[in-house]
Amino acid sequence: MDEQPRLMHSHGVGMAGHPGLAPHMQDGATAADGEARKQDIGDILQQIMTITDQSLDEAQARKHALNCHRMKPALFNVLCEIKEKTVLSIRGAQEEEPPDAQLMRLDNMLLAEGVSGPEKGGGSAAAAAAAAAAGGAGSDNSAEHSDYRAKLSQIRQIYHTELEKYEQACNEFTTHVMNLLREQSRTRPISPKEIERMVSIIHRKFSSIQMQLKQSTCEAVMILRSRFLDARRKRRNFNKQATEILNEYFYSHLSNPYPSEEAKEELAKKCSITVSQVSNWFGNKRIRYKKNIGKFQEEANMYAAKTAVNAANASAHGSQANSPSTPNSAGGYPSPCYQSDRRIQ
DNA sequence: ATTTATGATTATTA
DNA sequence: TAATAATCATAAAT
């Protein structure tokens, strides 16, 4: 970083310090001219090389001498004139950078994940979404979730410190370059437009670095999400109460264990899981029950007895005759054993 | 360390 | 298109 300004600096002095260059360029194309020009270029190169060897003080002194030269204002005006004539060709290269779609996507995602958003308020949209995606298993997901949040805030912290570092470096560099250009504008014509252009170039460079940071942050968040939120990878059993409710329904509807969409919704609500989780559970249960009925005999008896007790309690309590809408036992007493008239095929 | 249980996913079927 | 059957990946039990 330190070498750069000095080089540019010296360069500026070097250019201004060689008015002898001009006459040669304007000469006609004689035979000897080629040789002379070669010699000239060699000369310039030599000068440049020696400039880099000069001490800073030496260069400073030389610059000062140049600035005080009596011909300086006149030469400067000439330079300005020449520039006026040539600057038009540069104007054409004014490309307005379109707002990068990729960058916007990254920004949106970071905002949505709560990385670049406001500081850790519990009610970030991402946290809520994550909670919903994790399935409302209530008790157990809080520990897991705090882990997730901790990792996320770690990512956020790294992201912010890095971002700040880049921003600071960018500003530093920009002011450095601007100062340099302002300084040089005393010896060569530099319009504010050009400074602006330079600054925008610098900003583009730095924003491409920022983009990399954002990209890798996004990746990290995605990995974190998939590790913590992908229910398949980190399978959590439903809590005891939920499986109880589901089993109760299953065994009390053993003759037709296909809950309607409505029933599924109610079960989902009672178990605080999603409807599709209810569907999964019944799908798994049906196939596994069918595959090995013997294994489930005990469980079946248990739940049959349970619903019987529930029914008894309910009827003893007063009005209703039966709590399940379609109990599998016709006679009012649940059959504890396997029935052959199941309709699972 | 292995085995079993279990929630989710995927391919197949009717 | 929902149910089934097979399979995956992990939790829990042994």
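Not measured: the values here are computed from a predicted model. In what follows, chains are A, B, ... by sequence order, proteins preceding strands, each numbered from 1.
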I need the [atom1]-[atom2] distance between [X] and [N], as an integer number of Å.
X: A:N284; N: B:dA8; atom1: CG; atom2: C1'; result: 7 Å
X: A:F282; N: B:dT6; atom1: CZ; atom2: P; result: 15 Å
X: A:K295; N: C:dA13; atom1: NZ; atom2: C1'; result: 14 Å
X: A:K240; N: B:dA5; atom1: NZ; atom2: P; result: 14 Å
X: A:R288; N: C:dC8; atom1: CZ; atom2: P; result: 13 Å
X: A:R286; N: C:dA2; atom1: CZ; atom2: P; result: 13 Å
X: A:N280; N: C:dA2; atom1: CG; atom2: C1'; result: 13 Å
X: A:F296; N: B:dT6; atom1: CZ; atom2: P; result: 7 Å

Nearest listed nucleotide, side chain of [X], among [options]:
X: A:K290; options: C:dA6, C:dA5, B:dG7; result: C:dA5
X: A:F238; options: B:dG7, C:dA3, C:dA11; result: B:dG7
X: A:K291; options: C:dA6, C:dA11, B:dA8; result: C:dA6
X: A:Y258; options: C:dT7, C:dA11, C:dA3; result: C:dA3

So with a 6.0 Å cut-off around CD of A:E244, is the heavy-atom count from everything else above 12?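 More than 12 within 6.0 Å, yes.
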Is A:I155 reachable from A:L163 through a run of I, L, V, M, F, W or Y residues, each pair having side-chain heavy atoms under 4.5 Å apart?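 Yes, A:L163 and A:I155 fall within the same hydrophobic cluster.
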Five pairs per end, C1' atoms only: what is the angle between the end axes of the helix from B:dA1-C:dT14 to B:dA14-C:dT1, to 10 degrees?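 Inter-axis angle at the termini of the helix from B:dA1-C:dT14 to B:dA14-C:dT1: 10°.
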Heavy atoms only, 4.0 Å cut-off, all strands: where does A:K285 land among base, sugar-phosphate and nothing?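 A:K285: no heavy atom of the nucleic acid under 4.0 Å.
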Name all residues meeting the side chain to side chain donor-acceptor pair (under 3.5 Å) criterion together with A:E298; count only those two or more places apart in sequence or in a different chain, and write none if there are none.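 Residues passing side chain to side chain donor-acceptor pair (under 3.5 Å) with A:E298: none at all.
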Is there a side-chain contact between A:F250 and A:R286 (heavy atoms, below 4.5 Å)?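 They are in contact (side-chain heavy atoms under 4.5 Å apart), so the answer is yes.
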Inter- and intrachain pairs under salt bridge (charged side-chain N to carboxylate O under 4.0 Å, His left out), touching residues 158-167 of chain A, at least two apart: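 Found A:E162-A:K165.
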Look at A:Q277 and B:dG7 and indicate whether a side-chain polar atom (N or O) is within less than 4.0 Å of OP1 or OP2.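 No.
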Ignoring backbone atoms, test whether A:N237 places a side-chain nitrogen or oxygen under 4.0 Å from the OP1 or OP2 oxygen of C:dA11.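 Indeed not, no polar side-chain atom of A:N237 lies that close.
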Ring centres under 6.0 Å, that's the criterion: do A:Y251 and A:F296 meet it?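 For A:Y251 and A:F296, the ring centres are not under 6.0 Å apart.
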Audit row: A:K285, A:E299, salt bridge (Lys or Arg N to Asp or Glu O under 4.0 Å) steps and yes/no: CA-CA 12 Å; A:K285 190 74 185 179; A:E299 193 177 71; 2.6 Å; yes
